[in-house]
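Computed from heavy atoms alone, side chains included, the values below leave out hydrogens, waters and symmetry copies.
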Amino acid sequence: MSQPLAYGPRSSVLAPETVFDWLDEAAALRADAGLTRTLRSRPAEDPVLDLAGNDYLGLTRHPAVTRAAAEAALRWGGGSTGSRLVTGTTALHTELEAELAEFCGVEAALVFSSGYTANLAALTALTDPDTLIVSDAYNHASLIDGCRLSRADVHRAPHSAPEAVAEALAARTPRRALVVTDSVFSVDGDAAPLADLSAAARANGAALLVDDAHGLGVLGPGGTGALAAAGLAGQPDTVATVTLSKSLGSQGGAVLGPRRVIRHLTETARTFIFDTGLAPAAAGAALAALRLLRAEPARAERAREVARTLARQLTAAGLDSCRPDAAVVSVRAPGPEAAVAWAADCRRAGLAVGCFRPPSVPDGVSRLRLTARGDLTDGQIADAVRTIADLAPTGARTA
């Protein structure tokens with residue numbers, strides 16, 4: 001019978017109840033910096049007007065979407081039962097991929113359990129140690145994490161600076177290169193200069209990867225996305241990732257691009273091979289939402305119109321609101337604690353808004369973040385602006 005391993009004594013061995021004491025110290029530091037985060041449950045029927053979520057087209061509770069989710073669960077079960085390569089691919093997944101690809105004007109699509117895992121897959125499977133990744137400084141955390149996991153040489157480029165991207169590409173020593181950017185940046189809602197980034201990539205033999213989480217359903221003809229808006233949909237050197245949890249009101253993500261890229265991800269991407277497939281209910285809901293958008297393309301323009309109206313009225317109220325390029329509207333706050341208090345005051349007044357603080361904001365400036373939902377009425381927009389303006393903390397106004 002084998003004996004338990006014996007370990008030599010250490011001069012300062014921690015008692016079992018103290019090994020995580022450092023977590024309390026870290027929590028205290030976050031509290032001092034105004035960066036404490038807490039979970040808050042919401043009821044199914046919440047009377048608060050939601051401008052904090054990402055339901056850009058107002059489809060999450062659309063009867064056709066919820067009915068499709070319920071029918072998919074009843075037919076296929078509560079879960080997909082396994083990896084997509086084993087048992088987790090249903091007819092719904094296949095239909096969704098085909099219709100997403102057709103809608104966005106690309107050869108093929110591959111559905112993942114989240115937009116996060118889609119980004120990790122694209123970045124880790126399309127690069128290697130002989131690759132240079134040029135990543136925008138304001139990219140989403142999922143892109144940053146994908147860069148870290150890629151084993152590639154990563155260069156952090158200034159925000160929306162195609163010239164700096166071109167310089168980094170021209171000076172590279174790795175054989176391959178990949179330019180990585182959000183299409184619409186989630187903090188201020190500004191759009192990346194995709195045409196210029198594509199030109200910089202092509203001039204230097206690089207591929208372009210665009211996270212279109214905030215563009216699909218909002219930008220492009222009928223909401224076909226930022227690549228379509230920039231004339232890049234279906235290009236052989238361009239790949240997009242999307243989420244199904246924003247404009248399509250469901251959950252999950254996808255990679256869109258050339259067929260050989262999708263084949264490569266299917267066979268090599270770890271977050272595809274080793275992850276349980278997207279639940280059938282989510283696939284069914286996303287497919288129904290996509291079909292609604294195809295039938296009602298004006299939903300995309302309405303979301304952009306609501307964003308412009310929100311920004312215009314907030315600015316008129318003396319607040320520092322950035323010009324939105326899609327459906328994200330931000331209002332700058334004096335600091336993290338003021339932002340948290342402002343968002344809490346708004347909620348107590350019946351309005352839910354997002355609160356972005358460091359480290360979620362790359363420039364260190366805290367903000368309220370609003371979702372310009374396409375189903376908002378003019379009256380709801382006016383009420384939201386009035387609430388935000390009336391509760392603005394000292395220092396929030398520009399004059």
Under 3.5 Å side-chain donor-acceptor pair for His159 and Asp190: yes
Crowding at CD, Gln251 (>12 non-hydrogen neighbours, <6.0 Å): no
Pair Asp275-Thr117, side-chain donor/acceptor within less than 3.5 Å: no
Ion pair Arg61/Asp50, N-O distance below 4.0 Å: no
Nearest-0.5 Å distance that lies between atom CG in Leu351 and atom CD1 in Ile388: 5.0 Å
Between Asn139 and Asp211, a side-chain donor and acceptor under 3.5 Å: no
OG1 on Thr387 to CG on Asp345, rounded to 0.5 Å: 11.0 Å
Worked check of side chain to side chain contact (heavy atoms under 4.5 Å, CB included) between Val210 and Leu227: CA-CA 8 Å; Val210 179; Leu227 292 188; 3.9 Å; yes
Sole residue of Leu368, Val329, Val331, Val48 in side chain to side chain contact (heavy atoms under 4.5 Å, CB included) with Val353: Leu368
Heavy-atom donor-acceptor pair, Arg67 side chain to His62 backbone, under 3.5 Å: no
Thr243 side chain vs Gly252 backbone, donor-acceptor pair below 3.5 Å: yes
Side-chain donor/acceptor of Glu107 to backbone N/O of Pro258, under 3.5 Å: no
Asp55 CG to Ser247 OG distance, which is reported to the nearest 0.5 Å: 8.5 Å
Check: Arg373/Asn54 side-chain N/O donor and acceptor closer than 3.5 Å: no
Salt bridge flag under 4.0 Å for residues Asp237 and Arg260: no
Proximity of His140 and Phe185 rings by center, below 6.0 Å: no
Distance (rounded to the nearest 0.5 Å) between Ile262 CD1 and Phe272 CZ: 9.5 Å
Whether over 12 other heavy atoms sit under 6.0 Å from Arg42 CZ: no
Under 4.5 Å side-chain linkage, directly or through intermediates, the cluster mates of Val361: Val187, Phe356
Heavy-atom side-chain proximity of Thr181 to Leu197 below 4.5 angstrom: yes
Within 6.0 Å of CZ in Arg294, more than 12 heavy atoms from elsewhere: yes
Side-chain touch Asp130/Asp153, heavy atoms, less than 4.5 angstrom: no
Approximate separation, where rounding is to 0.5 Å, of Leu391 CG and Arg386 CZ: 12.0 Å
Donor-acceptor contact below 3.5 Å, side chain Asn204 vs main chain Ala206: no
Leu149: hydrophobic cluster co-members (side-chain, 4.5 Å): Tyr116, Leu120
Note: Asp325-Arg323 ion pair, threshold 4.0 Å (strictly below): yes
Partner of Asp212 under side chain to side chain contact (heavy atoms under 4.5 Å, CB included), chosen from Val242, Leu256, Leu194: Val242
Expected output: side-chain Arg357 to main-chain Thr36 donor-acceptor under 3.5 Å: yes
Residue pair Asp320 / Thr398, side-chain donor-acceptor N/O under 3.5 Å: no
Backbone N/O of Leu92 and side chain of Trp76: donor-acceptor pair under 3.5 Å: no
Expected output: side-chain Arg299 to main-chain Glu296 donor-acceptor under 3.5 Å: no
CZ/Arg156: more than 12 non-hydrogen atoms of other groups inside 6.0 Å: no
Beyond-backbone contact of Val111 with Arg84, side-chain heavy atoms, under 4.5 angstrom: yes
Check: Thr81/Thr87 side-chain N/O donor and acceptor closer than 3.5 Å: yes
Heavy-atom donor-acceptor pair, Ser150 side chain to Thr127 backbone, under 3.5 Å: no
Under 3.5 Å: donor-acceptor pair, side chain of Glu267, backbone of His264: no
Salt bridge present between Asp128 and Arg176 (N-O < 4.0 angstrom): yes
Candidate pair Val328 and Asp188, rule side chain to side chain contact (heavy atoms under 4.5 Å, CB included), full reasoning: CA-CA 7 Å; Val328 174; Asp188 279 332; over 6 Å; no
Donor-acceptor under 3.5 Å (Gln380 side chain, Leu49 main chain): no
From CG (Leu319) to OG (Ser330), nearest 0.5 Å: 11.0 Å
Gln313 versus Arg308, side-chain donor and acceptor atoms under 3.5 Å: no
